Amino acid sequence: MRGRSRLEKCRNTFETIFRRSVGTEPEVAQTQGARGDHTGDKDGPKSLYNLMADRQEQAEKSVLISCPSRTSEKRFLKFLSNHGDVKKHFFYESYGVYAVVEFASRDNVVSLLESAAIPGVSHESVVPFKSRLLSLRNHSSVHSPTQQSDLPCQPQTTAPISELIQRLSREESVDDQINSLTEAYQLTEENSRLRFLVCSLLKDVAAAYFPECTIRPFGSSVNGFGKLGCDLDMFLDLDSISGWNVKMPKSGLSLEYQMKRTNSERHVTQSILSVIGECVDHFGPGCVGVQKILNARCPLVRFAHQPSGFQCDLTANNRVAMKSTELLYLYGELDPRVRSLVFTIRCWARAHGVTSSIPGAWITNFALTVMVLFFLQKRAPPIIPKLDYLRDLAGPADESVIEGNDCTFVTDFSKIQLPSNTETLEQLLSDFFEFYATFPFSRMSINIRKGKEQNKLEVTPLHIQNPFETSLNVSKNVNSSQLDRFVALCQESAWLLQQSENRTPRGVGGDNTPTPWGLATLLLPSQVAGIKGRKKRKREPASERIKSLLESLKNKNEGRKSQDS
Ligand code: GTP
Ligand code: MG
């Protein structure tokens, strides 16, 4: 009973939080309702496709404007209203103050751009590429030195971990801590808008060659598991260009385009990204540090978009990643605990350097998310279904085969039946750590398609089957010392959550700072695995604390085995 009411509370809190971040705010819901989509609020969750279509439309009617620090919001809005109704605006700071402004129509944007001038610079030259990234100039002759900016800036980065630990320590239950962490770290409504706007600005560059192309965000920017400050993965979609797969008439005349031919699709992708990368580098306002990484398994162009502060990866022909994003989003929509748990584990992993923004032998966020999903499939009863079940529910419209890989799964959420599982987030968090503290990584592979571990056929330390390209291992990069660290941290965190003093709030200390407890203690520097940034030290002999932790886990497992047999 206690579990059920907590679950209900968590569900309500989470739904409020998530509405803010991905785009199910009321005005979006209304737009969809008016179109008669089956994905409206009362009919269940919306598909990622619909959410993205709305966000893209908003982005195309938006501009990004750098504002002088003493701008008056009132004056600024009055100036903008000369070109049309402003539907939404907000300010943020990134190398100066910027405003994101959404107009009621694209004509308003055209009108605004027509009024803008090309800057006259005395000692430099400019590339006259016009984009929707603008600078506001204040030509008023009278400047009051006392005039302060009244611009309310929305944060686009997370507070430091020390502040998060204090915030969590003030909460009253571990479930509240998990919800509080999600609220503090997840992408906000504004950050989500900014991500789609950057894609739309980039599309304007690519449109010089491919006017009908689309640039879509994928990965954690849209899968529901993104943290403020995460990178912006973008996919240049040329499938939206008309003319593919047009049926030729059986008789009479017809035309087709003459086009450059090459011997592989990979080569086409590399050529396109190479040219777009050059354009971004030479003409893209605000794009710096452009690197073309064309020989990677998935060729990409990497750069920093300074006005937004995003680290960007632009790929093309990366449809499987788009499908993985859709799948992760769907799992996150099925039960609010999925997203909360994934979010918490991602933050925990980052706090301990299990994951990193630098490529290497670390577990990636994607692999870690698949591990959480697998754990949730293994609950009794399962919290989410296996991918094969979602595949069996698919209708003809869901069919998707990409480069010979079956990427089909149901997109109509209402067809998915879930058994009732009322476990609390606290229980799931604690069991997640125990599950992986004792998982037989040396023998078994993690497989979310089957929802069951499979015998491992490869000699890699960690094997997680790629959900769609099933012959691939998404954690091939992980070496045994990184896996050992992960396991040691899971053991330690499982043990910490089992300690009675860690399971309830512990009040405030002498300096009025709350004493860390519950989830907050899991984010403190670890005693088993050396903290991020510290040089790797030779492993010290196990402390008494860890010895007793291992002992307690061993006893527990033995108890379970004897119950099973
Ligand atoms: P962060 O950027 O770390 O916040 O998480 P992310 O989920 O965005 O991961 P990342 O930027 O590394 O990758 C972006 C997306 O590409 C993921 O969400 C997946 O959809 C996909 N992806 C990443 N790694 C793999 C992989 O090894 N195999 C497959 N099939 N897809 C991957
Ligand atoms: Mg990413």
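Heavy atoms only: backbone and side chains are in, while hydrogens, waters and symmetry mates are out. In each ligand, atom 1 is the first atom listed, and ligand 1 is the first ligand listed. None of these values were measured; they are calculated from a predicted model.
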Q. Would you say the side-chain atoms of Gln270 pair up with the backbone N or O of Leu294, donor to acceptor, closer than 3.5 Å?
A. yes
Are there protein heavy-atom neighbours of atom 9 (O) of ligand 1 below 4.0 Å?
no
Review point. Between the side chain of Asn447 and the main-chain N/O of Lys452, is any donor-acceptor distance below 3.5 Å?
Key: no
With distance as the sole test, does Gln177 use its side chain to make a donor-acceptor pair with the main-chain N or O of Leu168 at under 3.5 Å?
-> yes
Numbered in order shown, the ligand 1 atoms found under 4.0 Å of a heavy atom of Phe218 are 14 (C), 15 (C), 16 (O)
Per-atom filter on ligand 1: closer than 4.0 angstrom to a heavy atom of Thr325 are 20 (O)
Open item on the list: Under 4.0 Å between a side-chain nitrogen and a carboxylate oxygen: does that hold for Lys386 and Asp388?
Closed with: no
Ranked by distance from atom 18 (O) of ligand 1, the top protein heavy atom is Gly219 CA, 3.3 Å
Note to self: A cation-pi test, strictly: NZ or CZ of Lys456 under 6.0 Å from the centre of the six-membered ring of Phe441 and no more than 45 degrees from its axis. Yes or no?
What the structure shows: no
Tyr331 vs Arg339, side-chain contact (heavy atoms from CB on, under 4.5 Å): CA-CA, chis, key distance, verdict:
CA-CA 8 Å; Tyr331 274 130; Arg339 204 168 270 130; over 6 Å; no
Original post:
According to the interplanar angle, ranging from 0 to 90°, do the rings of Phe90 and Tyr92 count as parallel (below 30°), tilted (30 to 60°) or perpendicular (above 60°)?
Top reply: tilted
Check your understanding: Any N/O of Arg297 closer than 3.5 Å to an N/O of ligand 1?
Key -> no
- prompt: What do you think, any protein heavy atom under 4.0 angstrom from atom 12 (O) of ligand 1?
  reply: no
The protein heavy atom nearest to atom 14 (C) of ligand 1 is Asp233 OD2, 3.5 Å
- So, the side chain of Thr408 versus the backbone of Val401: is there a donor-acceptor pair under 3.5 Å, distance only? no
Looking only at protein heavy atoms, what sits closest to atom 28 (N) of ligand 1 is Asn466 ND2, 3.5 Å
Counting only protein N, O or S atoms and ignoring waters, those under 2.8 Å from the Mg ion (ligand 2) are Asp231 OD1, Asp233 OD2
Taking only non-hydrogen atoms of Cys230 and a 4.0 Å limit, the atoms of ligand 1 in range are 4 (O)
- Does Arg319 pair with Glu326 as a salt bridge, N-O distance under 4.0 Å? no
Asp281 with Lys292: basic N within carboxylate O range, under 4.0 Å:
no
Original post:
So, does Asn473 use its side chain to make a donor-acceptor pair with the main chain of Leu462 at under 3.5 Å?
Top reply: yes
closest protein heavy atom to atom 21 (C) of ligand 1 is Ala321 CB, 3.9 Å
When distances are taken from atom 3 (O) of ligand 1, the protein heavy atom at minimum range is Asn365 ND2, 2.8 Å
Residue, atom and distance of the protein heavy atom nearest atom 31 (N) of ligand 1 read Phe366 CE2, 3.6 Å
- Hey, does Asp231 sit under 4.0 Å from ligand 1 if you only count heavy atoms? yes
NZ or CZ of Arg195 within 45° of Phe310 ring axis and under 6.0 Å: yes
Of all protein heavy atoms, the one nearest atom 4 (O) of ligand 1 is Ser220 OG, 2.8 Å
Below 6.0 angstrom between ring centroids: does that apply to Phe435 and Phe432? no
*Residues Glu423 and Arg337 bridged, charged N to O under 4.0 Å*: no
Does Arg346 have a heavy atom less than 4.0 Å from any atom of ligand 1? yes
Note: ligand 1 atoms sitting under 4.0 Å from heavy atoms of Glu469 are 30 (N)
